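To find a chain, count down the sequence lines: A is the first, B the second, and so on, and within it residues start at 1. Please read these numbers as outputs of a predicted model, since none were measured by experiment.
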Amino acid sequence: MSDRQYVQVAFPIPIRDVFTYVVPEYLQGRVLSGCQVTAFLGRRKLSGIVVGSEPREDLPRVRPLESLVRPEPVFDAQMLRLTREVAEHYMCPWGEVLAAGYPAHAQKTWRPSREQASVPRVPDRPGEGVRRDQPPHHLESELLKHFELLLGASRRGAGEVFLLHLPDELREDMYPLLAAEVLNHGGGVLFLVPEISTSGSLLEVLGRRFGSRMALFHSRLRISERKRIWERARAGELKVLVGTRSAVFLPVSNLKLIVVEDEHARPFKQEETPRYNGRDVAGMRGRLAGVPVLLASATPSVESVLSVKRGEFHLIGGAPFPMPMPSVSVVDMRKVDNRSQDSDQFSSSLISLIRGSIQTRSRALLFLNRRGFSTWVQCRDCGAVETCSTCELPLVFHSQEKSLLCHHCGSRTGAPSSCKKCHGTDFRFGGVGVQKVQASLEKLFPGARIERVDLDSARSRPEALRVAERFAGGDIDVLIGTIFVTKGLKLGRFAVAGMLHAESQLNLPDFRSGERAFQLLSEIASLAQAAGAELVVQTLNPEHHSVVSVCAGEPGLFYEVELKQRQELGYPPFSTLIAFHIAGPKEAEVIRVVETARSGAACVVAEGGGRIQVLGPSPAVPMRSRGRFRWYASLRGQERSEVMDAARKLLERLGGRHEVAGVTISVDVDPVGG
DNA sequence: AGCACGCCGACT
DNA sequence: GTCGGCGTGCTC
């Protein structure tokens with residue numbers, strides 16, 4: 001009996017434990033760590049991953065495994081270790097991380113892979129595939145020297161992190177050269193991108209060069225397609241893997257380099273369990289696998305910049321390679337003198353530039369990051385603001401559709417007719433959206449060809465591309481857009497770029513709002529630069545360091561001030577945050593749990609001897625979403641391990657479980673965004 | 001997460 | 001008298 005074999009299995013369920021099973025006789029010796037198996041848990045048959053083989057004598061009854069789904073392990077020792085570390089770091093079940101890392105895990109039965117024709121890939125274009133092994137600019141040859149350091153790390157298996165701080169175009173030029181170099185030495189490369197829709201040009205550039213040796217991986221592919229890519233990556237048929245955050249777990253054969261493109265971008269953080277950050281997991285993987293990680297961005301995250309300053313990351317780029325800057329002027333819109341007489345949305349300088357561009361047919365592009373006509377609608381009689389009945393947030397009036405829209409849940413009601421509170425019929429349409437800007441411009445410049453690109457005007461991507469094409473071709477005089485226009489549209493050259501309300505990202509309840517403003521403004525500055533446009537930045541916060549640094553062409557200034565402020569206020573990267581999201585269908589119940597959490601957190605903090613702070617609790621934005629009332633609170637401290645301990649203790653106090661009376665509590669380590 | 005067990009309201 | 005609501009607890 002003593003030669004019975006036991007294994008531990010992790011299942012993709014929200015239970016922290018692993019479960020022990022007996023290996024049935026017919027599978028003796030064949031069930032290895034990392035294998036996918038099925039087993040009964042309760043009366044359900046589940047697919048799980050074998051994560052260990054320690055026998056346990058303390059269990060009253062152990063059940064046998066049902067089946068071995070495929071003979072060879074799907075996770076090797078290194079990937080098991082990575083997924084375990086990710087689970088520990090993000091305080092989520094190991095099984096859920098394993099499920100995120102193996103596309104077929106969700107499936108009940110495994111079918112051996114057969115030849116399938118439908119692998120989506122960027123087509124080979126031999127005609128355009130001009131080999132360009134010699135980089136064109138002197139900057140690039142300079143960069144190649146820096147890349148020697150990176151490639152050296154790749155060859156000797158050093159899991160170091162490099163921050164590539166360069167403009168988008170320069171990075172894009174370098175990637176095929178870099179990847180080709182790695183491939184020449186028989187290695188594979190993993191590119192992580194924040195989202196598929198905005199990485200079109202990178203895909204094109206890599207696809208042109210690597211064709212059928214490259215694949216695109218993301219969660220919107222069918223499971224069968226994901227499985228196929230997973231298999232081909234492991235078999236070494238695919239050498240260049242491009243994918244969104246879940247691709248960080250792909251088993252790339254002889255992986256030699258991980259690139260995280262636009263490493264500052266928000267979508268790397270998954271907002272459901274397992275709540276991991278693809279960029280940070282890339283760093284963990286690089287360290288474990290002895291593979292260098294290249295974090296790349298024109299506007300790196302404050303975290304990464306600090307890591308460079310601390311000597312933890314190597315810097316490639318930065319000051320020796322200055323960001324190209326457009327000619328830019330900042331207009332303080334608080335000063336009445338600066339505002340145009342014709343419309344309070346524009347400064348007189350911007351209006352005259354737009355007028356000039358219309359006259360000379362040289363085109364103008366205006367940015368405002370707010371959809372709709374007016375951002376709030378208020379009754380003039382009682383002062384009540386129209387709010388969404390489910391989210392309780394102000395509704396945005398859309399003039400084109402003549403309706404009120406909730407930008408959070410998408411609910412739509414007709415144009416306001418009478419106030420819900422006092423039945424008044426006189427409304428004030430406050431706040432500026434792109435539709436209002438368009439209306440004002442049409443009044444100011446009758447006869448000019450003025451169009452708009454945003455989520456509402458461009459129902460599909462081809463439609464947006466057509467508008468961009470018409471603008472580039474000179475068929476549109478003034479184009480007004482939300483950030484939508486920065487998402488890979490080819491706008492050609494134009495003379496004037498205007499940014500309205502450059503402060504709109506600031507003053508959000510999020511310690512990263514300044515960083516976001518900096519990133520958006522930088523993006524627009526580089527767009528203006530590429531177009532050869534003169535940029536006018538209109539703002540109510542001209543002295544904010546995000547505005548000052550971008551407009552002075554001194555990004556370093558932003559990081560300097562921002563790091564100082566974060567340190568003074570005790571925010572990341574100078575501390576660790578762990579957020580608790582509390583949500584449920586009944587408000588009273590949610591608030592009860594929130595109060596329990598508040599007092600629990602106070603106890604935990606008292607035990608921690610003042611090294612841990614509590615932020616909140618406060619209602620989430622929006623407070624109601626999908627029929628659930630949402631609150632959150634955070635624990636904060638300088639020592640990660642202490643914050644983790646405090647979070648574990650707090651969870652214990654809240655019942656040890658993640659759910660109490662219909663109210664769910666979920667833990668979010670290193671949260672991103674308010 | 002499921003799926004049971006279990007103890008209270010409106011139906012054949 | 002039961003059918004069924006979803007609160008609480010367990011799964012190797």
Point to revise | Heavy-atom pair with the smallest gap, counting every atom of L221(A) and L216(A) | key: CD1-O, 3.4 Å
Revision key, fill the gap. Here the distance between atom P of dT11(C) and atom CZ of F11(A), to the nearest Å, is 13 Å
**Study point:** Euclidean distance, atom CZ of residue R63(A) to atom C1' of dC10(C) [Å, nearest integer]
**Key:** 12 Å
Review point. What is the distance from NZ of K45(A) to C1' of dA1(B), rounded to the nearest Å?
Key: 19 Å
Point to revise | Proximity to the side chain of P14(A) - top-ranked nucleotide from dA4(B), dA1(B), dC12(C) | key: dA1(B)
Review point. R43(A) side chain: which of dA4(B), dC12(C), dA1(B) is closest?
Key: dA4(B)
Check your understanding: Which heavy-atom pair separates G207(A) from M214(A) by the least distance, and what is that distance?
Key -> N-SD, 3.6 Å
Practice item. Starting from P on dC12(C), measure out to CD on E54(A) and report it in whole angstrom. Key: 20 Å
Exercise for review: Check the pair R81(A), E85(A) against salt bridge (Lys or Arg N to Asp or Glu O under 4.0 Å), reporting the backbone distance first and the verdict last.
Suggested key: CA-CA 6 Å; R81(A) 181 148 174 221; E85(A) 287 188 5; 3.3 Å; yes
Practice item. Determine, for R84(A) against E88(A), whether the closest basic-nitrogen to carboxylate-oxygen distance falls under 4.0 angstrom. Key: yes
**Study point:** For atom CD of E96(A) and atom P of dA1(B), their distance in whole Å
**Key:** 8 Å
Practice item. Specify the separation, in whole Å, of atom CZ of F40(A) and atom P of dA4(B). Key: 13 Å
Revision key, fill the gap. Rounded to whole Å, the CD1-C1' distance (I13(A) to dC12(C)) equals 10 Å
Check your understanding: Could you state the CZ-C1' distance from F19(A) to dA1(B), rounded to the nearest angstrom?
Key -> 11 Å
Exercise for review: Tell me what R44(A) touches on the nucleic acid: a base, only sugar-phosphate, or nothing, going by heavy atoms under 4.0 Å.
Suggested key: base
